[in-house]
Amino acid sequence: MIVMKFGGTSVQDEEAIGRVISIVGSRLVEKPLVVVSALARVTKVLCAIAQEAEAQHEDAVRTNLNLLRERHFNLAKALLNERPDLLENCLKDIEARISHLERFVTGVCQIGELSLRSEARIISTGELLSSTIIAYAFNARGISCNWIDARRMITTNDNYMSARPDLEITEANVKRIIGMESKGVDLVLTQGFIASTSEGSTSVLGFEGSDYSAAIFGMALGASRVEIWTDVDGIRSADPRVVSNTRRIESLSYEEAAEMASMGARVLHPLTIEPARKKNIPIVVLNSKNPECKGSTVLRADEAPDGPKSVASRSGILYVKVTSKKMDGVTAMLGRVFAPLYANRVPVTLAKATESEVYLVLPEEVAGLAPSLKAIEAWADVTVYRDKALISVIGRNIVGLEGLGDKVIETAGKVYVANVSANMLSENFVIDTERLEDTLTGIHDYIFAN
Ligand code: ASP
Ligand code: MG
């Protein structure tokens, strides 16, 4: 079996879904489990509906619900125009989902209160709607397809909006249900992103979580690979919106992909790697607009080449310098700085310490940072530098890549911190945000242009 996941832009309209059907159609011998996201932008609209309902803005809620209904109706009509019998049933299914959502949201509107549980239930509608239409579309094209509710399979904790699966229970569910439902059909189709708690309430795996769903299904089925279909030619050596001459990464290790995700490259949902690595299942990132392209394969470290893979960045970074009046020593310095940070659950990206100083690199907007810094100020001088960015060069065996540091200084003007990550998979530099674009381009050219 293989798992094929199609993201929002790969299923955004009639044309895109047509491409999905032909791509999947070319792989039927491999027994695909197809996982789909909501149509592009629908999850955002659903989030807006939830917020508007909480704020009791009835008109805005109604307008958005009608837009949603119209978009899905029109799509179904376009895809099923030659099969009026299927179209009729499909429209009924869509209407049932949307009126269910309408009733639920009206309730939220009346009480003006939105729990995380209600929010998850509202935004799960996007995937339920898209998958319903796509399943009909497969059947209309003569590819027999069984629609399955992913909430029957992925069982999570009750952290509704960013739920974590119980992999053992989930694996057993997936094996049992897919085993049964795949009999006698060309393929089984389900949703990414959505799941349910053991009590049966709807939960979601966090935004962009469909990749993670696909990896969980792949792991549970022992799939021979997990394909993630997007709208770019695989994983790029930098963000193509910033750097013009990016390259496709042919193959990279699970660890490098995880490092890229944590350093801000928008490749795969960061949790996607773990289930795949567990069973050594390759993840292939492909382009539904250019299916001939081989994309990028994420696999075991000993199967991927060494060397730099990509340049990533994160902006909205703070650089904080803590200076003690005494020479406290590294242990005491780190202990005293991290006690309040830990108590306030502040996610620190990087830290460095000397006998009397600690340097911290962290995201700008974190709750809990202000009280932590206040506690530290009781015994040390704290200087906060704003408008910084973190630029990372990622790859195995890049440490000591010749001239890299000089090149960063040359383009960025000033480097506040230079650091090799503890896992040795990245070299990171804190620079001024206003120099970010030029530095990214400069470093990318330096590493990859020849
Ligand atoms: N539809 C969800 C989102 O937009 C999940 C996904 O597409 O991965 O976040
Ligand atoms: Mg995505």
Side-chain angles (χ1 to χ4, degrees), residues 3-13 16-17 19-20 33-51 64-65 67-68 71-72 75 94 97-98 101 116-135 147-151 153-154 156 159-165 170 189-196 202-219 226-232 235 257-258 260-261 264-276 283-289 298:
V3 174
M4 305 177 76
K5 177 255 163 176
F6 293 89
T9 52
S10 296
V11 295
Q12 62 185 353
D13 53 26
I17 293 174
R19 281 192 295 264
V20 168
L33 167 66
V34 176
V35 178
V36 296
S37 290
L39 310 185
R41 297 177 307 279
V42 163
T43 305
K44 284 211 176 75
V45 174
L46 288 162
C47 287
I49 290 176
Q51 295 334 262
N64 273 324
L65 280 171
L67 285 174
L68 212 61
R71 178 155 175 213
H72 289 90
L75 179 62
I94 298 172
R97 295 231 178 266
I98 292 192
L101 172 69
L116 293 174
R117 182 164 151 214
S118 303
E119 193 172 3
R121 187 158 154 190
I122 292 169
I123 67 174
S124 70
T125 313
E127 269 70 10
L128 292 170
L129 287 168
S130 64
S131 63
T132 299
I133 298 176
I134 297 166
W147 179 93
I148 303 184
D149 191 331
R151 295 174 297 181
M153 298 187 278
I154 301 188
T156 68
N159 189 7
Y160 298 100
M161 284 293 288
S162 198
R164 291 296 159 256
T170 298
L189 183 138
T190 191
Q191 309 79 34
F193 186 51
I194 71 172
S196 76
T202 299
S203 57
V204 297
L205 302 180
F207 293 111
E208 301 287 320
S210 290
D211 296 346
Y212 187 29
S213 302
I216 295 169
F217 288 123
M219 180 214 71
V226 171
E227 296 182 347
I228 304 284
W229 290 86
T230 63
D231 57 358
V232 278
I235 303 177
M260 282 176 71
R266 294 185 53 211
V267 277
L268 293 167
H269 184 282
L271 295 173
T272 308
I273 312 300
E274 212 31 60
I283 303 174
V284 191
V285 179
L286 294 153
N287 185 357
S288 62
K289 289 193 179 136
V298 185

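For ligands, and for the atoms within them, numbers begin at 1 and follow the listed sequence. In what follows, every heavy atom counts, from backbone to side chain, and hydrogens, waters and symmetry copies are set aside. What you see is a predicted model; the values in this text were computed from it and never measured.
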Donor-acceptor pair, [X] side chain versus [Y] backbone, under 3.5 Å?
X: Ser213; Y: Phe193; result: yes
X: Glu127; Y: Ala38; result: yes
X: Ser10; Y: Ser288; result: no

Under a 4.0 Å heavy-atom limit, does Phe193 contact ligand 1 with its side chain, its backbone, both, or neither?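 Just the side chain.
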Heavy-atom distances under 4.0 Å are what count here, so tell me which part of Glu127 touches ligand 1: side chain, backbone, both or neither.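 The side chain, only.
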Short N/O distance, under 3.5 Å, between Thr43 and ligand 1?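 Yes, Thr43 has an N/O under 3.5 Å of an N/O on ligand 1.
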Measure the distances from the heavy atoms of Gly209 to every atom of ligand 1 and state whether one is below 4.0 angstrom.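 The answer is yes, since Gly209 has a heavy atom less than 4.0 Å from ligand 1.
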Taking only heavy atoms of [X] into account, list the atoms of ligand 1 that are under 4.0 Å away from them.
X: Ser37; result: 6 (C), 7 (O), 8 (O)
X: Ser210; result: 5 (C), 6 (C), 7 (O), 8 (O)
X: Phe207; result: 9 (O)

Under a plain distance cut-off of 3.5 Å, with no hydrogens placed, do Thr202 and Arg151 share a side-chain donor-acceptor pair?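 On atom types as modelled, these side chains qualify, holding a pair under 3.5 Å.
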Apply the side chain to side chain contact (heavy atoms under 4.5 Å, CB included) test between His269 and each candidate in Asp211, Ile228, Leu205; give the one that qualifies.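 Looking at Asp211, Ile228, Leu205, the match for His269 under the side chain to side chain contact (heavy atoms under 4.5 Å, CB included) is Asp211.
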Counting neighbours of CZ on Arg71 that are heavy atoms of other residues, nucleotides or ligands and sit closer than 6.0 Å, is the number greater than 12?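 Yes, the 6.0 Å shell around CZ holds more than 12 heavy atoms from other groups.
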